[in-house]
Amino acid sequence: MATALGLHEGDGVAIQWLSEPKRLSDAELAALWASMDELVRPFPPGYKFDREEANAR
């Protein structure tokens with residue numbers, strides 16, 4: 001993103017909120033978590049996480 005904006009090391013950046021953060025109700029938060037839970041998939045049988053392999057990418 002910095003390249004796309006033409007930013008370089010040492011450039012100043014100002015951040016401004018364009019709107020107020022939205023506070024979710026308990027029902028909205030529960031619905032959000034439920035929709036995220038639908039995306040969860042189990043790992044295949046025999047899967048083993050290899051930190052060295054992951055960091056080699």
Side-chain angles (χ1 to χ4, degrees):
M1 181 175 278
T3 302
L5 294 172
L7 297 174
H8 300 89
E9 187 173 340
D11 287 351
V13 176
I15 298 173
Q16 178 181 357
W17 289 106
L18 297 180
S19 64
E20 290 295 317
K22 182 178 181 193
R23 304 282 181 209
L24 298 177
S25 68
D26 289 343
E28 290 173 316
L29 189 56
L32 176 62
W33 280 116
S35 68
M36 292 174 66
D37 284 342
E38 291 175 10
L39 300 174
V40 174
R41 300 289 182 262
F43 290 113
Y47 175 82
K48 182 175 184 252
F49 177 75
D50 183 338
R51 184 176 309 279
E52 296 299 322
E53 178 186 348
N55 288 327
R57 293 185 211 152

Exceeds 12 heavy-atom contacts within 6.0 angstrom, atom CG of Asp50: yes
Hydrophobic cluster identity match, Leu7 and Met1, side-chain contacts under 4.5 Å: yes
Heavy atoms of other groups near Phe43 CZ, more than 12 under 6.0 Å: no
Single-linkage hydrophobic cluster Trp33~Leu39, side-chain heavy atoms < 4.5 angstrom: no
Flag, side chain of Asp11 to backbone of His8, donor-acceptor distance under 3.5 Å: yes
Spacing of CD belonging to Glu28 relative to CZ belonging to Arg23, to within rounding of 0.5 Å: 12.5 Å
